[in-house]
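The structure appears right after this line, and notes come after that.
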Amino acid sequence: MTSVTTPATFTELGLITPLLARLAELKYQQPTPIQAQAIPSVLAGRDLIAGANTGSGKTATFALPMLQKLRANISSSSKSNKGNFVTGLILVPTRELAKQVADSIKSYAVHFNGEIKTVAVFGGVSVNKQMLTLRGGSDILVATPGRLLDLISSNAIKLDRVNTLVLDEADRMLSLGFAEELTALLALMPTKKQTLLFSATFPEQVKSLTQELLNNPIEIQLQSADASTLVQRVFTVNKGEKTAVLAHLIKENQWRQALIFVNAKHHSEHLAEKLAKRGITAAVFHGDKGQSERSRVLYGFKAGDIEVLIATDIAARGLDIEKLPVVINFNLPRSPSDYMHRIGRSGRAGEVGLAISLIDHEDYHHFTVIEKKNKIWLEREQVEGFEADEISDNSILATEKPMAKPEGTGKKKRKKKMTVNADIWSGYSKPE
Ligand code: AMP
């Protein structure tokens, strides 16, 4: 943990005028805690491992110092031709996040008169267009690993001159789903470079992997869930009544928007149909949708035109949806860290947010695992008119005392049928 006294203004962080001017235009009044703590160290060239609440301003934390250092190093000769090289590489797990991060960087750099070239590359869209955009190299490249490897094999880009590597959503980038691709990419980069790892959660297994990647890093760990801005609630419901409860909650609360997480692509379509029968129009967002449809839906949701969005976990990582009032777990995520990523879509940047989980009897045990791993404990609530049946002997399983704190409350009954794989890798799948 760092014990830096945190500067209160962006000027005190040592940022240059074009960036300060842009931050003022964006009405960023002061650095967020992660920005205040990390930016000076990143500017000084230190490696960093930052565990910060999602929505805490992570993108600017790496983007601003990267831009500042790149600008200082750009000589007039390299301006026009950067070869096929990239200098700053940001790896992210999803296409949408790649685009979002690149858009933020471009926005922060508007007063650099086009001196810094930022490109996003990701799968699902034509590779030819990306190859053309990469002609002459790129100062900052935001990429999903698979597409980046494709582009490297076509000689469209080279990593030999990468001097800064960022792994955003680092826990996922370091998970088994990406291991092969990440190893291949790391082998193509110089060993001597600045490496910055950002994630809301850093499971222990990931921490040990980071030792190899980082050189004497600064470690910053902020609160993983900020109770003051994000309220978490859990409602017990009967199996088979979840849709009715969901529709009831949406209608009763008249949320401006709601993001609903399900665990499978086909569940999202199915749930949308069932909600439609109850008079609620919902859009769906998952990995089987074409990229143009994914972009259209996401844009519509971000713009507020789509009110209810049903999504799989591809929407759980890093997406910044302004003032999203509520996230609902219709199905629980398999991995406890995915729970944190999902709920982090609401209550971003200090806004008030709400995260609701609907659990039926079969979910009880898994939810206690999620709570325990994330060191949270929520009172089980009922929705009036949809009260869940008394817990049966069979379903009580490991949650013998559903209202008791999970830690240090005596023995737990071992669950017979339902096996919950607490292995943190289990919830991760290949990028969509
Ligand atoms: P991020 O965690 O990078 O996804 O950022 C979450 C949101 O916070 C984005 O909409 C940013 O534009 C916004 N943001 C980042 N830093 C600040 C700041 N210092 N003041 C106000 N908003 C910020």
Side-chain angles (χ1 to χ4, degrees), residues 6-15 19-40 42-43 48 50-68 88 90-110 118 120 140 142 166-173 196-202 220-226 228-230 257 259 298-299 301-304 314-325 327 340-353:
T6 50
T9 67
F10 282 111
T11 314
E12 286 176 89
L13 295 182
L15 294 173
L19 292 174
L20 293 174
R22 182 60 185 154
L23 295 173
E25 283 165 8
L26 291 171
K27 305 210 166 23
Y28 287 11
Q29 283 167 359
Q30 63 186 76
T32 64
I34 182 76
Q35 290 162 359
Q37 289 189 41
I39 287 177
V42 181
L43 280 172
L48 173 76
N53 194 5
T54 179
S56 58
K58 285 187 283 174
T59 315
T61 305
F62 59 80
L64 297 172
M66 269 177 106
L67 285 167
Q68 178 152 331
I90 300 157
L91 294 176
V92 297
T94 66
R95 302 165 189 177
E96 285 74 19
L97 193 52
K99 195 171 173 316
Q100 180 181 294
V101 168
D103 287 347
S104 297
I105 296 174
K106 287 177 195 165
S107 163
Y108 294 138
V110 288
T118 302
I140 299 182
V142 191
V166 178
L167 298 188
D168 196 8
E169 302 293 331
D171 65 329
R172 176 123 189 247
M173 301 309 300
L196 312 171
L197 306 189
F198 289 86
S199 184
T201 55
F202 273 109
I220 298 174
Q221 181 63 55
L222 300 179
Q223 281 296 315
S224 61
D226 184 345
S228 63
T229 60
L230 182 71
Q257 282 191 300
L259 175 59
L298 193 63
Y299 183 80
F301 195 59
K302 282 190 172 188
I314 56 166
R317 294 279 171 161
L319 293 188
D320 180 33
I321 297 148
E322 217 177 314
K323 297 188 173 48
L324 178 60
V327 167
M340 297 311 287
H341 290 289
R342 283 184 178 188
I343 68 171
R345 299 313 98 214
S346 186
R348 294 171 72 73
E351 299 285 341
V352 175

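Values below: every heavy atom of this structure, side chains too, minus hydrogens, waters and symmetry copies. Sequence positions, counted from 1, serve as the residue numbers for this chain. Please read these numbers as outputs of a predicted model, since none were measured by experiment. In each ligand, atom 1 is the first atom listed, and ligand 1 is the first ligand listed.
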Taking distance alone, with no angle check, do [X] and ligand 1 share an N/O pair under 3.5 Å?
X     : value
Gln35 : yes
Gly57 : yes
Lys27 : no

**Request:** Over all heavy atoms of both residues, which pair between Gln221 and Gly51 is shortest? Give the atoms and the distance, please.
**Result:**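 Closest pair (atom of Gln221, atom of Gly51, distance): NE2-O, 3.3 Å.
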
Next on the checklist: Can you give me the closest heavy-atom contact between Leu43 and Gly14, atom names plus distance?
Outcome noted: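 Of all heavy-atom pairs spanning Leu43 and Gly14, the closest is CD1-O, 4.0 Å.
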
Q.
Within the 4.0 Å heavy-atom shell around Thr59, which atoms of ligand 1 are there?
A.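 In order of number, 1 (P), 3 (O), 4 (O).
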
Classify the contact between Gln30 and ligand 1 as side chain, backbone, both or neither, using a heavy-atom distance cut-off of under 4.0 Å.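 Near ligand 1, Gln30 shows its backbone, while the atoms from C-beta on stay back.
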
query = Does Phe10 approach ligand 1 within less than 4.0 angstrom via side chain, backbone, both or neither, non-hydrogen atoms only?
reply =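 For Phe10, the contact with ligand 1 is made by the side chain alone.
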
Item to check | Partner set under side chain to side chain contact (heavy atoms under 4.5 Å, CB included) for Ala170, not counting sequence neighbours | outcome: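 Side chain to side chain contact (heavy atoms under 4.5 Å, CB included) check on Ala170 returns Leu167, Leu197, Ser199, Phe202.
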
Inset, instruction - Working to the nearest 0.5 Å, report the span between OG1 of Thr61 and CD of Gln37. - result: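 Here the rounded value is 10.0 Å.
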
So for atom NZ, which belongs to Lys302, do other residues, nucleotides or ligands contribute more than 12 heavy atoms lying within a distance under 6.0 Å?
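More than 12 heavy atoms, drawn from other residues, nucleotides or ligands, come within 6.0 Å of this atom.
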
